[in-house]
Amino acid sequence: MYSTAEAVLEMIKPSAIGGLIDDQYIADPDERRQQILPIIEAAIADADGEIDGYLMGRYPVPLSSPAAMISKVSKDIAAYNVFSRIGIKEDGEEKNYLTRYQAAIRFLAMVAEGKISLGVPGGSAVAAAHAGDYQISSNKKIFGRRQMEGM
């Protein structure tokens with residue numbers, strides 16, 4: 001995992017947790033925490049899968065020693081995933097999660113395109129291995145204008 005449930009939980013306001021766990025009011029903070037943690041862990045797994053999908057063309061995934069930025073991206077995507085379960089209003093308080101998600105995806109797309117390097121080992125080797133994946137070759141031309149002259 002590129003981020004932890006605790007780190008993602010810190011990004012969520014305590015007042016929002018009730019709405020994320022089936023709109024039920026739970027007074028005990030420990031019980032609320034126990035209800036939200038499996039949801040967050042599933043959101044992190046989805047986020048990390050999305051991250052690996054962008055990185056797999058350039059880096060061996062999952063990353064064994066991820067850059068700090070990957071942890072941040074994982075938290076941002078996971079928090080978005082948690083809130084997207086109930087719907088994110090673009091004009092509401094949740095817009096921040098959408099904005100951070102969109103920035104994370106832009107970052108990952110630039111890494112995938114090679115515009116940004118994560119500075120972790122193995123990046124260039126995977127990119128080089130995939131560089132030759134799409135090659136087209138053909139046989140030498142048999143007929144052409146000059147070969148057909150005089151026939």
Side-chain angles (χ1 to χ4, degrees), residues 1-140:
M1 289 187 148
Y2 297 134
S3 62
T4 65
E6 293 297 326
V8 175
L9 186 58
E10 288 176 9
M11 296 176 67
I12 299 171
K13 293 179 183 177
S15 60
I17 292 175
L20 296 170
I21 47 178
D22 300 326
D23 265 344
Q24 52 184 316
Y25 178 73
I26 301 171
D28 182 25
D30 290 332
E31 190 178 337
R32 271 198 315 260
R33 186 176 179 284
Q34 292 306 313
Q35 294 264 339
I36 194 75
L37 283 179
I39 295 168
I40 292 174
E41 288 168 357
I44 291 171
D46 290 345
D48 291 357
E50 192 167 353
I51 291 167
D52 286 348
Y54 277 96
L55 300 183
M56 67 189 329
R58 296 213 166 265
Y59 298 94
V61 293
L63 299 173
S64 58
S65 56
M69 188 62 184
I70 294 300
S71 176
K72 179 193 180 313
V73 166
S74 177
K75 289 187 297 187
D76 289 342
I77 295 174
Y80 168 81
N81 289 346
V82 169
F83 276 93
S84 68
R85 293 176 69 245
I86 61 168
I88 294 179
K89 298 175 188 164
E90 289 194 35
D91 59 345
E93 292 179 19
E94 303 89 18
K95 183 178 183 199
N96 183 44
Y97 298 104
L98 175 62
T99 302
R100 292 176 75 129
Y101 171 77
Q102 291 169 335
I105 296 304
R106 281 192 303 273
F107 170 79
L108 291 171
M110 292 190 336
V111 171
E113 293 168 5
K115 294 178 180 178
I116 296 175
S117 171
L118 296 178
V120 297
S124 57
V126 172
H130 288 293
D133 283 356
Y134 302 100
Q135 292 183 353
I136 298 174
S137 63
S138 64
N139 294 332
K140 197 172 186 183

Residues Leu63 and Pro60: closest non-hydrogen pair is CD2-O, 3.6 Å
For a quick test of reading the model, state the closest non-hydrogen atom pair linking Met69 to Phe107 and the distance between them.
CG-CZ, 3.3 Å
Within the 4.5 Å heavy-atom criterion, are Tyr54 and Ile105 side-chain neighbours or not?
yes
Which pair of non-hydrogen atoms, one from Met11 and one from Ala79, has the smallest distance, and what is that distance?
CE-CB, 4.1 Å
Do the non-hydrogen side-chain atoms of Tyr59 and Ser117 ever get within less than 4.5 Å of each other?
yes
Rounded distance (nearest 0.5 Å) linking atom OG1 of Thr4 with atom CD of Glu10:
7.5 Å
Report yes if the side chains of Gln34 and Asp30 come closer than 4.5 Å at any heavy-atom pair, otherwise no.
no
Would you be so kind as to tabulate the donor-acceptor pairs closer than 3.5 Å made by side chains of residues 39-52, with sequence neighbours excluded?
residue: Asp48; atom: OD1; partner: Ser74; partner atom: OG; Å: 2.7
residue: Asp48; atom: OD2; partner: Tyr2; partner atom: N; Å: 2.9
residue: Glu50; atom: OE2; partner: Tyr101; partner atom: OH; Å: 2.9
residue: Asp52; atom: OD1; partner: Tyr2; partner atom: OH; Å: 2.5

Heavy-atom side-chain contact between Arg106 and Met110 under 4.5 Å:
no
Test of understanding: with salt bridge (charged side-chain N to carboxylate O under 4.0 Å, His left out), list the residues that count as partners of Arg100, not counting sequence neighbours.
Asp76
For Glu113, all residues meeting salt bridge (charged side-chain N to carboxylate O under 4.0 Å, His left out), sequence neighbours excluded
Lys115
Within this structure, what is the CG-CD1 distance for the pair Leu20 and Ile36, rounded to the nearest 0.5 Å?
4.5 Å
Quick one: OG on Ser65 to CG on Leu118, what's the gap to the nearest 0.5 Å?
10.5 Å
Closest contact, heavy atoms only, Ala7 versus Lys75
CB-CD, 3.5 Å
Would you compute the distance between atom CD1 of Ile77 and atom NZ of Lys72 and round it to the nearest 0.5 angstrom?
10.0 Å
